[in-house]
Amino acid sequence: MRAHPAGPLHGTLTPPPAAGAPPTDLGTLDPHVWPRSATRVGGEMHLGGRPVTELARTHGTPLFVLDEGDFRGRAADFATAFADPQLPADVHYASKAFLCGQVARWIADDGLFLDACSGNELAVALAAGFPAERIALHGNNKSLVELQLAVDAGIGHVVLDSFDEIERLVPMAEARVAGGGTPVPVLIRATVGIEAHTHEFIATAHEDQKFGFSLATGDALTAAVRVIREPALHLAGLHSHIGSQIFDTAGFEAAAHRVVGLLGQVHQATGEVLGELNLGGGFGIAYLPEDDPVTPGDVAARLRTVVAAECAQLGLPVPRLAVEPGRAIAGPGTVTLYEIGTIKPVRLGSSGAPGTPLVRNYVSVDGGMSDNIRTALYDAAYTCVLANRTSDAPPALCRVVGKHCESGDVLVRDLWLPSDVQPGDLLAVAATGAYCWSMASNYNYLLKPPVVAVRDGAATEIVRRQTLSDVFALDAVLADVPAPSPAIDQPAPEHPAGARS
């Protein structure tokens with residue numbers, strides 16, 4: 001499943017149509033893929049009650065538009081699905097998907113927990129006022145500074161990932177206890193040997209990778225025993241995570257079976273009954289209409305059933321469960337808006353009909369791999385539509401590409417767009433809320449886009465656009481040099497060929 005960085009069969013003429021047959025209506029907004037508030041009014045896409053042309057005119061492009069109602073609604077769906085007084089469970093928002101101060105406050109207000117994967121993610125959450133006791137800190141190489149921040153803040157759990165980390169944490173925990181504090185609560189991350197059916201770079205529970213303690217080799221049990229014998233640490237439970245973008249519950253069920261078995265081993269070896277079991281995240285979302293993710297209710301029901309059955313067989317009480325959805329909360333509700341700048345028809349050969357050339361239109365937009373690296377990195381698939389208008393023009397096979405100096409700078413590899421798309425039109429790419437802004441870069445010195453939250457007709461900028469002055473400030477030579485004027489980093493005027501409305 002690995003992708004060549006420049007795309008499949010780089011250097012050859014790859015005949016379409018990987019996009020399949022053209023749909024009957026190129027302007028349809030499939031509710032399976034697009035945000036819950038997405039609709040068309042007079043042909044133009046509206047998000048959260050706001051027209052996209054107005055959002056683009058006000059905030060510029062590229063632009064992440066986040067449907068607040070969708071984001072918070074999906075968080076509520078998970079909270080509801082796992083709210084069972086008989087088998088209580090906690091829902092942790094995996095903040096690596098997308099985190100900013102406003103998102104941290106939404107998650108806090110809605111009663112969820114939060115996972116941080118670095119000291120800086122932890123610092124953002126704390127600065128936003130997120131309750132420390134509802135935060136867990138992940139990471140395979142937590143530094144002394146990161147661990148100290150977690151200990152001093154009194155976060156809910158440190159998820160231990162290596163023996164070195166245990167040794168780093170113990171002196172800090174001892175100092176806290178000596179000062180009258182409580183032992184530091186921790187989870188042991190167990191690598192359970194489940195190969196998730198996903199891209200190899202986001203499958204995280206097989207043996208040959210960097211995360212966690214191996215269950216198969218006995219390291220997970222050894223780590224648990226080591227922590228239990230350390231008075232300054234409190235082993236609250238176990239953690240498992242099998243990967244990302246997973247569309248069925250079978251892998252989670254198999255992981256639950258194995259990690260509950262580890263609970264039994266810990267009990268047999270030490271007499272301790274661990275009270276918490278975190279089964280991680282990785283729940284998939286629909287990037288394309290044919291994707292079929294599981295619902296929060298299905299996940300909750302299956303995990304409860306499996307864990308209860310396994311614990312009954314071992315004679316153990318059912319632990320408090322936890323899950324960590326990130327993409328499943330943040331992903332579907334955000335759309336990226338781009339302006340088309342260049343359209344380049346490329347002849348690929350013959351279509352099969354005499355005298356008829358086979359053509360793919362390369363549609364270049366004003367962003368690319370600096371705001372969405374996932375297509376190049378994971379061979380991820382997205383869909384997009386013409387957003388500022390609808391069209392009755394016949395379909396044309398297109399590849400939506402960015403403006404970076406890389407052949408692999410592809411956003412949507414193959415799709416059908418109206419044949420009359422032109423410079424100045426707006427394209428909207430669906431389901432970009434997870435790992436797009438978070439993994440954004442300044443490649444080719446492009447600037448990170450803003451994030452605007454929309455709801456009930458109101459639009460609020462929750463992350464401002466990065467400016468060239470911001471970038472200059474980090475450069476030892478350019479720190480005191482004014483950015484060029486007129487500034488390249490300001491929202492552009494209407495395209496001279498503009499067809500936005």
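Here, residue 1 is the first one in the sequence, and each next residue gets the next number. The structure presented is a predicted model; accordingly, all values stated were derived computationally and were not measured.
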> So, T336 side chain and F64 main chain: donor-acceptor pair closer than 3.5 Å or not?
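It does not hold such a pair.
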> Between F78 and Y93, is the ring centre distance below 6.0 Å?
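Not close enough - the centres of the two rings lie 6.0 Å or further apart.
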> With sequence neighbours left out, write down each residue that passes ring pair (Phe, Tyr, Trp, His ring centres under 6.0 Å) with Y338, or none if nothing qualifies.
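Ring pair (Phe, Tyr, Trp, His ring centres under 6.0 Å) check on Y338 returns nothing, list empty.
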> P35: what forms a side chain to side chain contact (heavy atoms under 4.5 Å, CB included) with it, not counting sequence neighbours?
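Only A38, L47, D67, D70, V335 meet the side chain to side chain contact (heavy atoms under 4.5 Å, CB included) criterion with P35.
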> Scan residues 158-179 for pairs that pass ring pair (Phe, Tyr, Trp, His ring centres under 6.0 Å), counting only residues two or more places apart or in two chains.
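Every pair satisfying ring pair (Phe, Tyr, Trp, His ring centres under 6.0 Å) with a residue in residues 158-179: F163-F213.
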> Tell me the salt bridge (charged side-chain N to carboxylate O under 4.0 Å, His left out) pairs involving residues 299-308, sequence neighbours left out?
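For residues 299-308: D84-R304, E253-R302.
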> Can any side-chain N or O of K142 pair as donor or acceptor with the backbone N or O of L160 at less than 3.5 Å?
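No, the answer is negative, given that no donor and acceptor are paired below the 3.5 Å cut-off.
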> Checking R105 side chain against A128 main chain: does a donor-acceptor pair fall under 3.5 Å?
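Such a contact is found between R105 side chain and A128 backbone.
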> Would you find a donor on one side and an acceptor on the other, under 3.5 Å apart, between the side chain of N140 and the backbone of K210?
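It does not hold such a pair.
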> What is the distance from atom CD of E121 to atom CG of L99, rounded to the nearest 0.5 Å?
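Spacing of CD (E121) from CG (L99) equals 6.0 Å.
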> Mind checking whether E165 and V158 have side chains closer than 4.5 Å, heavy atoms only?
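Yes. Closest side-chain heavy atoms under 4.5 Å.
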> Considering all heavy atoms of both residues, which atom of N442 and which atom of L447 are nearest to each other, and what is their separation?
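Looks like ND2-CA, 3.8 Å.
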> Taking only residues at least two apart or on different chains, which pairs with a member in residues 112-135 satisfy ring pair (Phe, Tyr, Trp, His ring centres under 6.0 Å)?
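Those involving residues 112-135 are H92-F113.
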> Which pairs with one or both residues in residues 435-455 pass salt bridge (charged side-chain N to carboxylate O under 4.0 Å, His left out), sequence neighbours excluded?
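Listed by first then second residue: E68-R455.
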> Mind checking what makes ring pair (Phe, Tyr, Trp, His ring centres under 6.0 Å) contact with H157, not counting sequence neighbours?
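Not a single residue meets the ring pair (Phe, Tyr, Trp, His ring centres under 6.0 Å) criterion with H157.
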> Please tell me if the side chains of L288 and V33 come closer than 4.5 Å, counting only heavy atoms from C-beta onward.
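L288 vs V33: side chains apart.
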> Tell me if a side-chain donor or acceptor on R327 pairs with a main-chain N or O of G284 at a distance below 3.5 Å.
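Checking the backbone N and O of G284 against the side chain of R327, no donor-acceptor pair under 3.5 Å is found.
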> Taking ring pair (Phe, Tyr, Trp, His ring centres under 6.0 Å) as the cut-off, I'd like each qualifying pair that reaches into residues 287-322, sequence neighbours left out, listed once.
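Residue pairs passing ring pair (Phe, Tyr, Trp, His ring centres under 6.0 Å), neighbours aside: Y287-Y382.
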> Report the distance from atom CD1 of I462 to atom CD of Q102, rounding to the nearest 0.5 Å.
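The CD atom of Q102 is 6.0 Å from CD1 of I462, to the nearest 0.5 Å.
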> Could you grab the distance from atom CG of L337 to atom CG of L427, nearest 0.5 Å is fine?
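One finds 9.5 Å between CG of L337 and CG of L427.
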> Answer yes or no: does atom CG of D480 have more than 12 heavy-atom neighbours from other residues, nucleotides or ligands under 6.0 Å?
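Open.
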> Search all heavy atoms of A232 against all heavy atoms of E174 and return the closest pair with its distance.
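Smallest heavy-atom distance, with atoms named: CB-N, 3.6 Å.
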> What heavy-atom pair brings D409 and G367 nearest, and what distance separates the two atoms?
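Taking every non-hydrogen atom into account, OD2-O, 4.4 Å.
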> List the steps, then state whether side chain to side chain donor-acceptor pair (under 3.5 Å) holds for T80 with D77.
CA-CA 5 Å; T80 299; D77 290 345; 5.8 Å; no
> Any donor-acceptor pair under 3.5 Å linking the side chain of Q245 with the backbone of I285?
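Yes: the side chain of Q245 pairs with the backbone of I285.
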> R36 side chain to G333 main-chain N or O, any donor-acceptor pair under 3.5 Å?
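Checked: no pair found.
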> Could you go through the side chain to side chain contact (heavy atoms under 4.5 Å, CB included) check for T375 and R413 one step at a time?
CA-CA 8 Å; T375 303; R413 193 167 301 284; 3.9 Å; yes
> Do the non-hydrogen side-chain atoms of R50 and V65 ever get within less than 4.5 Å of each other?
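No, too far: nothing below the 4.5 Å cut-off.
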> With side-chain hydrogen bond (donor to acceptor under 3.5 Å, both in side chains) as the rule and sequence neighbours excluded, what pairs involving residues 124-139 come up?
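Pairs touching residues 124-139 that pass the test: H138-E324.
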> Do side-chain atoms of R374 reach the backbone of A380 as a donor and acceptor pair under 3.5 angstrom?
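Between the backbone of A380 and the side chain of R374 there is no qualifying donor-acceptor contact (under 3.5 Å).
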> With a 4.5 Å cut-off on side-chain heavy atoms, are F98 and I329 touching?
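Not in contact.
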> Show your working on salt bridge (Lys or Arg N to Asp or Glu O under 4.0 Å) between R72 and D110 and close with a plain yes or no.
CA-CA 8 Å; R72 300 183 77 168; D110 294 345; 2.8 Å; yes
> To check you understand the geometry: which heavy-atom pair defines the closest contact between P325 and A328, and what is its length?
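Closest heavy-atom pair between P325 and A328: CB-CB, 4.3 Å.
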> Answer yes or no: does atom NE2 of H257 have more than 12 heavy-atom neighbours from other residues, nucleotides or ligands under 6.0 Å?
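Check fails, neighbour count at 12 or below.
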> Quick check: do T334 and F71 have side-chain heavy atoms less than 4.5 Å from each other?
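When only atoms from C-beta onward are counted, F71 and T334 do not touch, as no gap falls below 4.5 Å.
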> Do you know the tightest heavy-atom contact between A116 and S95?
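Between these two residues, the closest heavy atoms are CA-OG, 3.9 Å.
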> For side chain to side chain contact (heavy atoms under 4.5 Å, CB included), just list the numbers for N444 and C405, CA-CA rounded to whole Å, side-chain angles, deciding distance to a tenth of an Å, and then say yes or no.
CA-CA 8 Å; N444 289 155; C405 190; 4.0 Å; yes
> So V151 and L169, do their side chains get closer than 4.5 Å, heavy atoms only?
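Side chain of L169 against side chain of V151, heavy atoms only: contact under 4.5 Å found.
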> Output the distance between atom CG (L314) and atom CG (L263), rounded to the nearest 0.5 Å.
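Rounded to the nearest 0.5 Å, the CG-CG separation comes to 8.5 Å.
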> Between atom CG of L274 and atom NE2 of H234, what is the distance when rounded to the nearest 0.5 Å?
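L274 atom CG to H234 atom NE2 measures 8.5 Å (nearest 0.5 Å).
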> Less than 4.5 Å apart, any side-chain heavy atom of V159 and any of N278?
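Counting from C-beta outward, V159 and N278 never come under 4.5 Å.
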> According to the salt bridge (charged side-chain N to carboxylate O under 4.0 Å, His left out) rule, which pairs have a member within residues 218-236, sequence neighbours left out?
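Counting only pairs at least two positions apart or across chains, the salt bridge (charged side-chain N to carboxylate O under 4.0 Å, His left out) contacts touching residues 218-236 are E167-R226, R226-E230.
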> Return the minimal non-hydrogen interatomic distance between P62 and P449, and the atom names on each side.
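Smallest interatomic distance, heavy atoms only, reads O-CB, 3.4 Å.
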> Run the side chain to side chain contact (heavy atoms under 4.5 Å, CB included) test against Q268 and tell me which residues pass, sequence neighbours left out.
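If we apply the side chain to side chain contact (heavy atoms under 4.5 Å, CB included) test to Q268, skipping adjacent residues, there are no hits.
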> Side chains of I373 and S441: closer than 4.5 Å at any heavy-atom pair?
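No, their side chains stay 4.5 Å or more apart.
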> Look only at the side chain of W34 and the backbone of A430, and say whether a donor-acceptor pair between them is shorter than 3.5 Å.
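Not at all, since once roles are kept as given, no pair shorter than 3.5 Å links the two residues.
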> Would R189 count as a cation-pi partner of F211, with NZ or CZ less than 6.0 Å from the six-membered ring centre and within 45° of the ring normal?
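The answer is yes; both the distance and angle limits are met.
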> State which residues pass ring pair (Phe, Tyr, Trp, His ring centres under 6.0 Å) with F472; sequence neighbours excluded, sorted by chain then number.
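Result, ring pair (Phe, Tyr, Trp, His ring centres under 6.0 Å) vs F472: none returned.
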> Kindly say whether L147 contributes a backbone atom to a donor-acceptor pair with the side chain of R168 at under 3.5 angstrom?
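Not at all, since once roles are kept as given, no pair shorter than 3.5 Å links the two residues.
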> Flag yes if more than 12 heavy atoms outside E290 fall under 6.0 Å of its CD atom; otherwise flag no.
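Yes, the 6.0 Å shell around CD holds more than 12 heavy atoms from other groups.
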> Do L126 and L149 pass the side chain to side chain contact (heavy atoms under 4.5 Å, CB included) test, and can you show the C-alpha distance, the side-chain angles, and the key distance before you say yes or no?
CA-CA 10 Å; L126 293 172; L149 175 61; 4.2 Å; yes
> First locate atom CH2 of W106, then atom CG of L66, and finally report the distance between them rounded to the nearest 0.5 Å.
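Here the rounded value is 5.0 Å.
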